[in-house]
**Q** 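What follows is a single structure, and I will ask about it in a moment.
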Protein chains: 2
Amino acid sequence: MAARAGVSLKTVTNVVHDRPYVSASTRARVKAAIAELGYRPSLAGRQLQSGRSNTVTLAVPRIDEPYLGALAHAMIAAATARGFTMLIDETGRNAEHEALAASGYPGHGIEGVIFSPAALDPQNLAYMSHNVPMVLLGEHLAHSTADHVAIDNVQSARDLVRHLLGQGRTRIGFLGAKPARPSSVGGLRYDGYRQELASAGIQVPKSWVIEAYPYTREEGETRAITLMPHLAEMDAIICASDLLAIGAMRALRRHHIRVPDDVAVVGWDNTVDARYHSPSLTSVASDLPRLAELTLETLIRRIDGDRAPGVSYVVPHELVVRESSARAAPSSPTMMASNRDGVGFETRSPG
Amino acid sequence: MAARAGVSLKTVTNVVHDRPYVSASTRARVKAAIAELGYRPSLAGRQLQSGRSNTVTLAVPRIDEPYLGALAHAMIAAATARGFTMLIDETGRNAEHEALAASGYPGHGIEGVIFSPAALDPQNLAYMSHNVPMVLLGEHLAHSTADHVAIDNVQSARDLVRHLLGQGRTRIGFLGAKPARPSSVGGLRYDGYRQELASAGIQVPKSWVIEAYPYTREEGETRAITLMPHLAEMDAIICASDLLAIGAMRALRRHHIRVPDDVAVVGWDNTVDARYHSPSLTSVASDLPRLAELTLETLIRRIDGDRAPGVSYVVPHELVVRESSARAAPSSPTMMASNRDGVGFETRSPG
DNA sequence: ACTCGATCTTCCAACGTTAGAAGACTGTGA
DNA sequence: TCACAGTCTTCTAACGTTGGAAGATCGAGT
């Protein structure tokens, strides 16, 4: 509506889009009018005309979980860099809300969805998403139209087991398994744990493996308590997420079990919490910026019309070793020693 | 476009909006067609026609900071409950980006902005925001057109001091002061600290008060190190945020200073981190759902046309006492005793 | 039969932007 | 003087939705 520069709308459009066939003087006059009036093209009008909104949605269970917050941060950065607006949608582990996300938010002009599912079966999700391009995070899904981006969950679990074995710990439990759904994140990590133990010729009692869901501190604390009867025999617990590990460590602390002296604890996600917890927590780190870049790149390629079958991308991971899995103490140590001397040491081994 | 029910667009609109003067049979026929075609009204078209988008923005420095994540979670819930879409914008403590937020994102159809400023002076913000209703979070601003929602920062600081005094601690330092800007969050909290100390007749050396910004774990750790020379004389540190406190505690741990045995540590925000840290952290909690409700209610009233001068709302707070500020040990305790026995105790006193 | 009112449906312009088609102006060469 | 090409501007329809105005249908009252 800034046709107050004495020109028509089309000329304004041509100036805004840096089109040729506009005289230098007219161009300057229009730009001056735009600046003077503070004119900004209406995205609604533009969207209506072009059918494009340059908006994608990140659907996560809760934005206030550390890993998902870090993920959102990386995704927003990646989207912004590509001129896209990132809309955050909290599904709250609610199946109905996840179905809405999977359907692409009809009517909202969303051009793509990045989905971290929690409640719905991924099979259903893929079935639903046929209007809008979708990238699945975390849980893998074979023969889907949706793309998939994640770390190698099996291998990272094997890395953790090998790390613990290298520290002289062989009596390793697992918290957060999901054997009933082998393709889920919990299922894959549990599988890697089993594979590596098997290849090392180690057997563990079934009672050392327990399920947990969701992967929260509360759940970690609650479930760890059920492990207590067997803890005297164990020397390490692999937790399927940092939050589970932090919750578990709280339970251990309550029961006067020392970490890492009595039991080592490790997790996944390398949240900031893992770094600042006392003791600091050994964790599997994924390259979040890289993951976000790859996800956006994939999604935008789909938005731009790529209709090839769904692809699964693997993002590299690495093991960040910290206090919680320091070498097992050979003899009875003074209580605080390991807790203190180890502060701040942080070694990395490629995953 | 769903005029395939054999009726016109207007009739569809009337059905969608539950308008009268549509026969029951026609209504049913249209609804069937809508369901069959999966028709959803285009928000872009609707926005263009009505001028309303029902979208507000929450502008925060970073979404992956625990307090801001929790804030976003509460805000999304409150907005959704009112039929609004909440767009998260990360300003990254960048002045230019904050200016964009303060200007209301022209062209995007944003109807209101909830702003947690970090880089820009609030005076500038209020000056900029004249197109779009705005609610400021945290930092107060007198004589502004923007509304303001926050806890009573001065009183909460006094509560903390009184709590520490009640535990027998009188040699109290402050981390995260901002005396240069008395109306800032850091300035107000520091002011409350000074007031309560003064009314108790206690004087502390200037070296016990240090500034810190931003309120991150890293900054807390770094700044706490500069306090080390004076720590032998102190028995408590008030940190202007939980993250500062967690960072500070890491530095203390590195220097073999026990919390709370040697020094008590307290913070603000009552993040989940505070609850699960070891030792768990005493913190000032604000009622986030209430804060979000109040903020949205205020913002929507402005969107609906209220042009009264800016109002400042106070949200109640409470002190959540945890391990990090347990009563000072009268004599040399065994090292781990207080760290262990206290786990899980959590008392609350109204703020 | 005709009018009137009640009930229901259709027509139309508008929101802001855009691209294609068409128009106007300028200067050059025949 | 006229045709023509080159350069720049204006006209127009369309995206999907909406509300007001106008049109159609029907039954009832005269």
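Every chain is numbered from 1 and lettered A, B, ... according to where its sequence line falls, protein lines coming before strand lines.
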**Q** Nearest-Å distance, CG (B:N54) to C1' (D:dT18)?
**A**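 Going from CG in B:N54 over to C1' in D:dT18 covers 15 Å.
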**Q** Of the candidate nucleotides D:dT17, D:dT9, C:dT10, which contains the atom at the shortest distance from the side chain of A:T11?
**A** D:dT9
**Q** Does B:R27 reach a base, just sugar-phosphate, or nothing at all? Heavy atoms under 4.0 Å.
**A** nothing
**Q** Taking atom C1' of C:dA19 as reference, at what distance in whole Å does atom CG of A:D18 sit?
**A** 17 Å
**Q** Would you indicate, yes or no, if C:dT18 has its OP1 or OP2 atom less than 4.0 angstrom from a side-chain nitrogen or oxygen of A:S50?
**A**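 Negative; the distance criterion is not met.
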**Q** Starting at CD of A:Q47 and ending at C1' of C:dT17, how long is that distance when rounded to a whole Å?
**A**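 Interatomic distance, CD of A:Q47 to C1' of C:dT17: 12 Å.
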**Q** Select from A:G45 and B:K10 the residue whose nearest nucleotide in DNA chain D is closer to the 5' end of that strand.
**A** A:G45
**Q** Considering only D:dT9, C:dT9, C:dT17, which nucleotide approaches the side chain of A:T26 most closely?
**A** D:dT9
**Q** Please identify each residue that fulfils salt bridge (charged side-chain N to carboxylate O under 4.0 Å, His left out) with A:R62, with sequence neighbours left out.
**A** A:D64
**Q** Using whole Å, what does the distance between atom C1' of nucleotide D:dC15 and atom CZ of A:R46 come to?
**A**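 Computing the A:R46:CZ to D:dC15:C1' distance gives 14 Å.
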**Q** Is A:S42 touching bases, backbone alone, or none of the nucleic acid, heavy atoms closer than 4.0 Å?
**A** sugar-phosphate
**Q** If you check the B:Y39 side chain, which of C:dT10, C:dT9, D:dT17 turns out closest?
**A** D:dT17
**Q** Once you round it to whole Å, what is the distance between P of C:dG16 and NE2 of B:H108?
**A** 17 Å
**Q** Are A:T91 and A:H97 close enough that a side-chain donor and a side-chain acceptor fall under 3.5 Å?
**A**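 The answer is no; no qualifying pair exists.
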**Q** For a 4.5 angstrom cut-off between non-hydrogen side-chain atoms, does A:T57 reach A:I88?
**A**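 Sidechains of A:I88 and A:T57: no contact.
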**Q** Can you find a side-chain donor-acceptor pair between B:Y105 and B:D89 that sits under 3.5 Å?
**A** yes
**Q** Of B:R19 and B:L48, whose nearest nucleotide on DNA chain D comes first from the 5' end?
**A**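 In this pair, the answer is B:L48.
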**Q** Over how many whole Å does the gap from A:Q49 atom CD to C:dT18 atom P extend?
**A**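 In whole Å, C:dT18 P and A:Q49 CD are 7 Å from each other.
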**Q** Rounded to whole Å, please give me the gap between CG in B:L9 and C1' in D:dT18.
**A** 10 Å
**Q** Considering every strand and a 4.0 Å limit on heavy-atom distances, what is the contact class for B:R40: base, sugar-phosphate, or nothing?
**A**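 Result for B:R40 = sugar-phosphate.
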**Q** May I ask you to check whether B:T298 and B:T295 show a side-chain donor-acceptor distance below 3.5 Å?
**A** no
